[in-house]
Engineer: 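Following this message is one structure expressed as structure tokens.
Sequence lines set the chain letters: A, B, ... in the order given, protein chains first and strands last, and positions in each chain run from 1.
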Protein chains: 2
Amino acid sequence: MEISPLTVNRLSLYLRCLHSLEGEGVGRISSLELAQQFHLSAAQIRKDLAQFGEFGIRGVGYEIPNLIERLTSLLGLDRIHPMIIIGFGNLGRALAASIGFNSGNFRVVAGLDNDPAKIGRRVGGVLVHDASETAAVVAATEAEIGVLTVPAEAAQANYDRLVAAGIRSILNFAPTRLSLNAAVRTKDVDLRIDLEELSYFLSS
Amino acid sequence: MEISPLTVNRLSLYLRCLHSLEGEGVGRISSLELAQQFHLSAAQIRKDLAQFGEFGIRGVGYEIPNLIERLTSLLGLDRIHPMIIIGFGNLGRALAASIGFNSGNFRVVAGLDNDPAKIGRRVGGVLVHDASETAAVVAATEAEIGVLTVPAEAAQANYDRLVAAGIRSILNFAPTRLSLNAAVRTKDVDLRIDLEELSYFLSS
DNA sequence: AGATGTGAATGAGTTCACAGCT
DNA sequence: AGCTGTGAACTCATTCACATCT
């Protein structure tokens, strides 16, 4: 069955809530309690989980440690995901150094840039390579995720190079419409569009 | 009529495409050509635009300068939107300095942090104030958008302070589920969830 | 008794297909 | 003739409500 990204994103959310409950020592919880505590929908929690099997106990609820384990495994968070960052401008550098981004199972293992002043440097613990060596760096680091933080004009060329290098997925911050390769899962983070949405609702 | 954020986000996209065409000297375009060039849906372009009036000429298409003007005005991009950044860690600093973020009609006019080492400093052209002075800073700068780049634990407190200070909208980067105030439009950018989505589809 | 898991109902969003202008 | 604007059809997503199980 094909799972929607909306569902997957909610699973992430549920997992985060469960970790927080586990930290408080709670051992089990019903969909209703979970929904009320975190402003979610109980029916949706059950529907989302039910797509992957029967995780709960009728009349009781869900065992938190068990559910955490199942969701962690489902989301692929039981193994390390090496990432490379392409474009060491402000945003690329910040993400390389950010503990929120570079933590848990996600590890920034290398950087790429085309600026000679940056190549060979170690920025926030990450060594920056020449972007022309994308293929070699992807192969050597076994990077699974490429984080595109280059200017819009450079995005398509760097995207194509990442795809050719055999990367498996891409998180794109460049504010441009990439011509996509179906074999590589790509997720856009377009802050310009986010701001313009806020602008619209400010004015409306 | 209540417009969906999905529609608004596509308007941003259309506007971007139109700017690019205008730069190439194209004067008018049909929904079909626009769709083909940028991998969009012609029917959806027409439906989206039709929600706001009749912008096109039947049998001909859309006048690009005219449509750009209408969309710019619709999205509220014909005036400046002052922004403040709350939390001058890696991400906050990067956004303050990033031309992609801090450009066009969006201007970072001040920063807030609770670290004495940062307060009073000018980082990337932006003066950092004590977070306890949120209300005064919002009033003085007339900031419309608050960009929350604090750690998850600090997010709710800073959110509440922004709301109390009279901010109109918030872009939240903290990976947490905020308890929201309905009067303040809030948009989440949750990079952790984006990465976990990629992780899921890597494994599945 | 009480909460899960799920078909059925509703709602949101997209695509189709064509009437109506220019 | 050709493209917009739009009701109708369809697909996707969420919510409801209850049979099912512990």
Side-chain angles (χ1 to χ4, degrees), chain A residues 1-14 17-18 21 26-71 74 177 188 193 197 200-201, chain B residues 1-15 17-18 21 26-71 74 177 193 197 200-201:
Chain A
M1 185 188 15
E2 191 51 46
I3 304 293
S4 139
L6 293 170
T7 302
V8 176
N9 291 348
R10 283 191 300 265
L11 294 184
S12 284
L13 213 51
Y14 302 157
C17 298
L18 292 166
L21 289 165
V26 184
R28 62 162 67 125
I29 195 163
S30 71
S31 59
L32 189 66
E33 290 171 304
L34 191 58
Q36 284 171 344
Q37 276 199 48
F38 298 94
H39 310 103
L40 305 166
S41 144
Q44 189 150 63
I45 292 169
R46 295 200 300 275
K47 246 240 151 119
D48 287 338
L49 296 177
Q51 294 192 63
F52 299 94
E54 309 209 348
F55 294 174
I57 308 160
R58 294 183 191 214
V60 177
Y62 300 91
E63 296 283 348
I64 291 179
N66 173 45
L67 189 51
I68 285 178
E69 194 186 327
R70 302 294 303 269
L71 289 178
L74 265 173
R177 193 136 185 90
D188 287 319
I193 285 181
E197 179 189 320
Y200 172 83
F201 288 106
Chain B
M1 186 190 12
E2 191 50 48
I3 305 293
S4 136
L6 292 170
T7 301
V8 176
N9 291 348
R10 284 191 300 265
L11 295 183
S12 284
L13 213 52
Y14 304 156
L15 181 54
C17 298
L18 292 166
L21 289 166
V26 184
R28 63 161 66 122
I29 195 162
S30 71
S31 60
L32 189 66
E33 290 170 304
L34 190 59
Q36 284 170 345
Q37 276 198 48
F38 297 95
H39 310 104
L40 305 166
S41 144
Q44 189 149 63
I45 292 170
R46 295 200 299 277
K47 256 261 140 100
D48 287 339
L49 296 177
Q51 294 192 63
F52 299 94
E54 308 209 348
F55 293 174
I57 309 162
R58 293 182 192 217
V60 177
Y62 300 90
E63 297 283 349
I64 291 179
N66 172 45
L67 190 51
I68 284 178
E69 195 187 325
R70 301 294 303 271
L71 289 178
L74 265 174
R177 193 135 186 90
I193 285 183
E197 179 189 320
Y200 173 83
F201 288 106

Engineer: Atom CD of residue position A:E69 - does it have more than 12 heavy atoms of other residues, nucleotides or ligands inside 6.0 Å?
Structural biologist: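 No, not enclosed.
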Engineer: Figure out the CD1/P separation between A:I64 and C:dA3, and round it to whole Å.
Structural biologist: 15 Å
Engineer: With sugar-phosphate meaning primed atoms plus P, OP1 and OP2, does B:R28 contact a base, only sugar-phosphate, or nothing at under 4.0 Å between heavy atoms?
Structural biologist: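 Since no nucleic acid heavy atom lies under 4.0 Å of B:R28, the category is nothing.
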Engineer: Can you work out whether A:V60 or A:A50 has the more 5'-proximal nearest nucleotide on DNA chain C?
Structural biologist: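 Mapping each residue to its closest nucleotide by heavy atoms, the 5'-most match is A:V60.
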Engineer: Between C:dT6, C:dT4, D:dG5, which nucleotide gets closest to the side-chain atoms of A:S30?
Structural biologist: C:dT4
Engineer: Counting side-chain heavy atoms from CB outward, which of D:dT6, C:dG5, D:dT14 is closest to A:E54?
Structural biologist: C:dG5
Engineer: Just to be sure I understand the rule, does B:T7 reach a base, reach only the sugar-phosphate, or reach nothing, if contact means heavy atoms closer than 4.0 Å?
Structural biologist: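 Result for B:T7 = nothing.
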Engineer: Report the distance from atom CD1 of B:I29 to atom CD of B:Q36, rounding to the nearest 0.5 Å.
Structural biologist: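 Reported to 0.5 Å precision, the distance equals 9.5 Å.
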Engineer: To the nearest 0.5 Å, what is the distance between CG on B:L18 and OH on B:Y62?
Structural biologist: 10.5 Å
Engineer: Can you tell me the distance, in whole Å, between the CD atom of B:Q51 and the C1' atom of D:dG5?
Structural biologist: 12 Å
Engineer: Would you kindly give the CG-to-P distance between B:D48 and D:dT6, to the nearest whole Å?
Structural biologist: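 Computing the B:D48:CG to D:dT6:P distance gives 13 Å.
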Engineer: First locate atom CD1 of A:I45, then atom CG of A:L32, and finally report the distance between them rounded to the nearest 0.5 Å.
Structural biologist: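 Here the rounded value is 8.5 Å.
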Engineer: Could you state the atom-to-atom distance from CD of A:E2 to P of D:dC12 in whole Å?
Structural biologist: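 From A:E2 CD to D:dC12 P: 11 Å.
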Engineer: Quick one: is B:S4 getting a side-chain N or O under 4.0 Å of the C:dG13 phosphate, OP1 or OP2?
Structural biologist: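 Answer yes for this pair, as a side-chain N or O of B:S4 is under 4.0 Å from OP1 or OP2.
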Engineer: Should A:S31 be listed as having a side-chain N or O under 4.0 Å from OP1 or OP2 of C:dT4?
Structural biologist: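 So the side-chain polar atoms of A:S31 do come within 4.0 Å of the phosphate oxygens OP1 or OP2 of C:dT4, strictly under.
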Engineer: Name the one of B:L67, B:N66, B:V60 that satisfies side-chain contact (heavy atoms from CB on, under 4.5 Å) with B:R28?
Structural biologist: B:V60
Engineer: Rounded to the Å, how far apart are A:L49 CG and C:dG5 C1'?
Structural biologist: 10 Å
Engineer: Does D:dA19 have OP1 or OP2 sitting under 4.0 Å from an N or O in the side chain of A:R58?
Structural biologist: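 Answer is no, no contact under 4.0 Å.
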Engineer: If the cut-off is 4.0 Å, is B:S41 near the phosphate of C:dT14, judged by side-chain N/O to OP1 or OP2?
Structural biologist: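 For C:dT14, OP1/OP2 do not have a side-chain N/O of B:S41 under 4.0 Å.
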Engineer: Quickly work out the B:R70 CZ to D:dT4 P distance and round it to whole Å.
Structural biologist: 16 Å
Engineer: If you take atom types as modelled and just measure distance, does the side chain of B:K47 reach the base of C:dT15 with a donor-acceptor pair under 3.5 Å?
Structural biologist: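 Such a pair exists between side chain and base.
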Engineer: Report the distance from atom CZ of A:R10 to atom C1' of D:dT15, rounded to the nearest whole Å.
Structural biologist: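 Answer to the nearest Å: 12 Å.
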Engineer: Using whole Å, report how far CD1 of B:I29 lies from P of D:dG2.
Structural biologist: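 That distance rounds to 18 Å.
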Engineer: For C:dT15, take OP1 and OP2 only and decide whether either is under 4.0 Å from a side-chain N or O of B:R46.
Structural biologist: no
Engineer: Would you indicate, yes or no, if D:dG5 has its OP1 or OP2 atom less than 4.0 angstrom from a side-chain nitrogen or oxygen of B:Y62?
Structural biologist: yes
Engineer: Nearest 0.5 Å, please: how far is CG in B:D48 from OG in B:S31?
Structural biologist: 11.0 Å
Engineer: Given D:dT4, C:dT14, D:dC16, identify the nucleotide with an atom nearest to the side chain of B:Q44.
Structural biologist: C:dT14
